[in-house]
Amino acid sequence: MKKLVVLGAGESGIGVAKLAAKKGWQVLVSDKGTISKENKEVLINIGVKFEEDKHSETEILQADSVVKSPGIPDHIPLIKSLKQKGIEVISEIEFAARYTNAKLIGITGSNGKTTTASLCYHTLKNANYNVALVGNIGKSFAGSIAEKEHEYYVIELSSFQLDGMFKTRLHVAILMNITEDHLDRYEYKFQNYINSKFRIIQNQTEEDAFVFCSDDEVITK
């Protein structure tokens with residue numbers, strides 16, 4: 001049985017734990033902070049091992065795969081150690097996408113992505129599409145798949161989530177705008193942040209669509 005370590009026991013981490021347990025992974029959820037009583041109960045009910053107020057590095061480094069919370073930066077020693085050992089470190093979005101054949105609509109941007117994602121979801125739902133709204137907006141993509149499969153997913157994506165995506169293909173990618181933001185996570189280099197946002201199209205094909213704001217100077221440049 002393959003071992004999956006989930007770093008962070010927030011909404012996305014609990015969602016991954018649910019989906020991974022359902023798909024037969026041996027799961028450890030590790031949180032350096034305190035896990036809420038509600039989330040502990042969820043993990044106990046699905047038979048997933050967890051730890052709080054620490055990361056047991058020796059055990060974590062034995063994982064086959066690691067899903068980390070978007071809030072955990074790549075430059076901390078634990079993440080560096082995982083990568084040095086050749087253990088994949090991915091986002092919840094990347095993990096979840098491996099377990100669905102649904103059409104994926106990804107939306108990112110420094111500003112306006114929540115409003116746009118909500119509008120897209122509302123439009124599709126009112127047109128009677130079997131659709132769910134997930135991602136940075138607050139609902140776990142992995143948790144949604146674990147609970148009930150949908151034919152379409154509208155996914156609000158932060159740059160931190162995009163950084164942990166490698167093979168996920170978005171059938172529709174929407175890029176709202178890019179302004180200087182979160183530069184402390186990008187070595188204070190605006191280009192690094194721009195590169196992160198453009199990861200939204202990294203696996204698209206000519207069958208897919210890229211929608212962007214043509215009057216955003218950064219995007220057009």
Side-chain angles (χ1 to χ4, degrees), residues 7-8 10-16 33 67-76 79-80 83 89-97 100 102-125 131-144 150 152-205 208-221:
L7 298 178
E11 172 70 18
S12 65
I14 296 300
V16 170
V67 177
K68 77 173 180 68
S69 162
I72 299 173
D74 288 329
H75 59 71
I76 65 169
I79 302 303
K80 286 184 175 180
K83 291 183 176 180
V89 180
I90 59 176
S91 70
E92 176 235 345
I93 306 298
E94 178 80 358
F95 182 80
T100 181
K103 294 289 185 183
L104 306 182
I105 302 159
I107 299 165
T108 197
S110 301
N111 303 289
K113 56 184 176 289
T114 300
T115 304
T116 306
S118 299
L119 177 61
C120 287
Y121 167 72
H122 178 76
T123 303
L124 289 167
K125 187 171 178 60
V131 59
L133 176 61
V134 297
N136 194 58
I137 202 161
K139 176 72 174 177
S140 164
F141 182 26
S144 180
H150 291 78
Y152 293 83
Y153 286 95
V154 176
I155 312 169
E156 182 189 328
L157 294 166
S158 69
S159 57
F160 302 159
Q161 289 168 317
L162 287 164
D163 290 337
M165 290 167 56
F166 303 94
K167 296 180 181 178
T168 302
R169 173 189 171 191
L170 298 172
H171 302 88
V172 179
I174 301 174
L175 178 55
M176 303 296 297
N177 46 59
I178 306 176
T179 60
E180 294 192 13
D181 201 3
H182 305 302
L183 295 190
D184 56 317
R185 284 278 290 259
Y186 295 99
E187 301 176 342
Y188 294 95
K189 296 175 182 174
F190 188 32
Q191 186 61 51
N192 290 350
Y193 177 62
I194 292 169
N195 294 345
S196 176
K197 287 298 189 188
F198 269 93
R199 289 176 68 87
I200 198 168
I201 61 171
Q202 64 184 333
N203 295 306
Q204 288 199 298
T205 72
D208 304 319
F210 176 39
V211 182
F212 62 92
C213 185
S214 63
D215 57 7
D216 184 273
E217 293 180 5
V218 176
I219 295 174
T220 53
K221 182 179 177 181

Main-chain N/O of [Y] paired to [X] side chain as donor or acceptor, under 3.5 Å:
| X | Y | result |
| --- | --- | --- |
| E92 | G13 | no |
| T100 | A97 | no |
| K113 | G109 | yes |
| E94 | F166 | yes |
| N177 | D216 | no |
| Q202 | K167 | no |

Point-to-point distance, once rounded to the nearest 0.5 Å, from [atom1] of [X] to [atom2] of [Y]:
| X | Y | atom1 | atom2 | result |
| --- | --- | --- | --- | --- |
| F160 | Y186 | CZ | OH | 5.5 Å |
| K103 | L170 | NZ | CG | 12.0 Å |
| D163 | H182 | CG | NE2 | 10.5 Å |
| C120 | L133 | SG | CG | 9.5 Å |
| N203 | T168 | CG | OG1 | 7.0 Å |
| I107 | I200 | CD1 | CD1 | 8.0 Å |

Check against side-chain contact (heavy atoms from CB on, under 4.5 Å), L175 and I201: CA-CA 9 Å; L175 178 55; I201 61 171; over 6 Å; no

Working for side-chain contact (heavy atoms from CB on, under 4.5 Å), residues V134 and K139: CA-CA 5 Å; V134 297; K139 176 72 174 177; 3.9 Å; yes

Least distance between heavy atoms, [X] atom then [Y] atom:
| X | Y | result |
| --- | --- | --- |
| T179 | S110 | N-OG, 2.9 Å |
| A132 | S144 | CB-OG, 3.9 Å |
| S140 | E11 | N-OE2, 3.0 Å |
| R185 | I72 | NH2-O, 3.6 Å |
| P70 | S12 | CD-OG, 3.9 Å |

Residues that S214 engages under side chain to side chain contact (heavy atoms under 4.5 Å, CB included), provided they are two or more places apart: F212

E187: side chain to side chain contact (heavy atoms under 4.5 Å, CB included) partners, not counting sequence neighbours: K189, N192

N-O pairing of K83 and D74 below 4.0 Å: yes

Side chain to side chain, S118 and I137, heavy atoms closer than 4.5 Å: yes

Matching residue for T108 among Q161, E156, K197 - test: side-chain hydrogen bond (donor to acceptor under 3.5 Å, both in side chains): K197

Q191 atom CD, neighbour heavy-atom count above 12 within 6.0 Å: yes

